[in-house]
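I have placed the structure first, in the form of structure tokens, so that the comments after it can refer back to it.
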Amino acid sequence: MRIGVLGTGNMADALATHWVRAGHEVTIGGRDAHKAERLATRIGGSAKPASLRAAAESGQEVVLAALPFGAGAAVARDLHAALEGKVLLDCSNPLGPGFRLLTEGGPSAAQQLAGAAPGAYVVKAFNLCHEDVWRMRPPVFDGRQLAVPVCGDDETALVRVRELVRDVGCEPVAGGGLERAGLLEATAALFIALWVGEGADAQAIAPPLAYAAGPSHRVTPGVSALPGE
């Protein structure tokens with residue numbers, strides 16, 4: 001794929017590095033030309049620097065919005081014509097002081113991107129982990145591949161993003177339509193508060209899948225474990 005990356009920060013670095021290694025053509029776009037050039041040089045391979053607009057135009061299949069919440073919608077609005085008909089992948093977390101969800105009561109960060117670039121196919125993914133987790137080759141813990149929930153409305157867009165998830169060494173998980181992106185963002189807020197604020201193991205708050213409906217309803221993976229199903 002030809003992928004445009006909007007942003008020169010840690011998430012742009014972590015994800016673009018995997019995608020270049022997987023054989024994709026990646027253009028790193030930034031407001032600061034020197035930062036874009038430094039990041040493209042560090043990634044190497046097919047990575048090349050550009051302006052934000054040039055990166056959006058070069059991403060024929062996918063454009064990653066690796067931008068802070070608040071900046072993402074403004075950039076997408078400015079570049080909406082260049083994003084027309086493309087997959088716009090959002091990995092942001094709208095968090096404020098005290099791990100507060102800044103979008104509470106309103107549209108999610110992903111939905112705000114979709115509103116700013118209505119011709120793009122917005123997909124939410126890669127927002128639940130620290131950037132250094134995404135730098136792992138691959139992210140595997142206790143022999144288990146990291147799963148990445150993916151939310152979006154367009155099937156072609158979802159297929160492309162699922163491929164990019166696998167290129168990072170992870171397993172994509174269907175997260176539902178874009179209306180559920182807010183749930184992913186809220187989950188990130190909770191997990192970060194537990195991990196960073198409390199020093200707690202967020203994985204410990206949920207039982208294994210086989211026990212999701214309780215011990216008396218133990219099921220095997222792939223079989224519904226929800227009450228009443």
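- Atom CD of E155 sits in a crowded spot, with more than 12 heavy atoms from other residues, nucleotides or ligands closer than 6.0 Å.
- Under the 4.5 Å side-chain heavy-atom criterion for ILVMFWY residues, a single connected hydrophobic cluster contains both L64 and F126.
- The distance from the CD1 atom of I205 to the CG atom of L190 is 5.5 Å, given to the nearest 0.5 Å.
- With hydrophobic clusters built from ILVMFWY side chains whose heavy atoms lie under 4.5 angstrom apart, L101 does not share a cluster with L183.
- The shortest side-chain heavy-atom distance between F141 and M136 falls under the 4.5 Å cut-off.
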Walk me through whether R53 and D78 qualify under salt bridge (charged side-chain N to carboxylate O under 4.0 Å, His left out). CA-CA 9 Å; R53 183 171 299 279; D78 184 51; 3.4 Å; yes
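- In this structure a side-chain-to-backbone donor-acceptor pair under 3.5 Å is missing from D142 to R144.
- If you chain together hydrophobic residues whose side chains sit under 4.5 Å apart, V5 and L89 fall into the same group.
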Test log, rule side chain to side chain contact (heavy atoms under 4.5 Å, CB included), inputs K124 and C91: CA-CA 6 Å; K124 186 81 181 190; C91 63; over 6 Å; no
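- Counting heavy atoms from C-beta outward, V173 and V148 have side chains that stay 4.5 Å or more apart.
- Of all the heavy atoms in A50 and A55, the pair that sits closest is CB-N, 4.2 Å.
- Here L102 contributes atom CG and E185 contributes atom CD; the two are 10.0 Å apart, rounded to the nearest 0.5 Å.
- Atom CZ of R2 sits about 7.0 Å away from atom OG1 of T27, to the nearest 0.5 Å.
- A chain of hydrophobic side-chain contacts below 4.5 Å, direct or via other Ile, Leu, Val, Met, Phe, Trp or Tyr residues, connects L158 to W19.
- Residues M11 and L15 meet the side-chain proximity criterion, which asks for heavy atoms closer than 4.5 Å.
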Set out, in order, the CA-CA distance, both residues' side-chain angles and the distance that settles side chain to side chain contact (heavy atoms under 4.5 Å, CB included) for V75 and R31, then state yes or no.
CA-CA 10 Å; V75 170; R31 287 193 178 96; 3.4 Å; yes
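- The shortest non-hydrogen separation linking E25 to S46 is CA-OG, 3.5 Å.
- Between H24 atom NE2 and H18 atom NE2 the span is 12.0 Å, to the nearest 0.5 Å.
- Looking at heavy atoms from C-beta onward, L184 lies in side-chain contact with C151 at the 4.5 angstrom threshold.
- For E131, the side chain to side chain donor-acceptor pair (under 3.5 Å) partners two or more places apart in sequence, or in a different chain, are N10.
- At a threshold of 4.5 Å between side-chain heavy atoms, the hydrophobic network of Ile, Leu, Val, Met, Phe, Trp and Tyr places V87 and V165 in one connected group.
- Atom CG of D167 is separated from atom CE of M1 by 7.0 Å, given to the nearest 0.5 angstrom.
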**Asked** Going through the distances and angles, do K86 and Q60 end up as a side chain to side chain contact (heavy atoms under 4.5 Å, CB included)?
**Response** CA-CA 7 Å; K86 298 177 182 180; Q60 293 300 307; 4.3 Å; yes
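- For CD of E163, the number of neighbouring non-hydrogen atoms (other residues, nucleotides, ligands) closer than 6.0 Å is greater than 12.
- Between D13 and I28, every side-chain heavy-atom pair lies at or beyond the 4.5 Å cut-off.
- Side-chain contact between F99 and V196: present, with at least one pair of heavy atoms (C-beta onward) separated by less than 4.5 Å.
- Minimum interatomic distance between A36 and G30 (heavy atoms only, all atoms of both residues): CB-N, 4.1 Å.
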Next on the checklist: V26 vs K48, test: side chain to side chain contact (heavy atoms under 4.5 Å, CB included). Steps then yes/no.
Outcome noted: CA-CA 7 Å; V26 176; K48 58 184 179 181; over 6 Å; no
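- Around CZ of R180, the count of heavy atoms belonging to other residues, nucleotides or ligands within 6.0 Å does not exceed 12.
- Taking the side chain as every heavy atom from C-beta outward, C129 and F191 never approach each other to under 4.5 Å.
- Without hydrogens or angle criteria, S51 side chain to A54 main chain gives a donor-acceptor distance under 3.5 Å.
- The CG atom of L178 lies 5.5 Å from the OG atom of S108; values are rounded to the nearest 0.5 Å.
- Counting non-hydrogen atoms of other residues, nucleotides and ligands closer than 6.0 Å to CD of E104 gives a total of 12 or fewer.
- Y121 and A157 make their closest contact through CB-CB, 3.9 Å (heavy atoms, listed as atom of the first residue, atom of the second, distance).
- H80 approaches A117 most closely through the heavy-atom pair CB-CA, 4.1 Å.
- N93 approaches A188 most closely through the heavy-atom pair OD1-CB, 3.3 Å.
- Looking only at side-chain heavy atoms (C-beta outward), V140 and L146 stay at 4.5 Å or farther from each other.
- Here the options are L52, L39, D32, the test is side-chain contact (heavy atoms from CB on, under 4.5 Å), and the partner is T8; only L39 passes.
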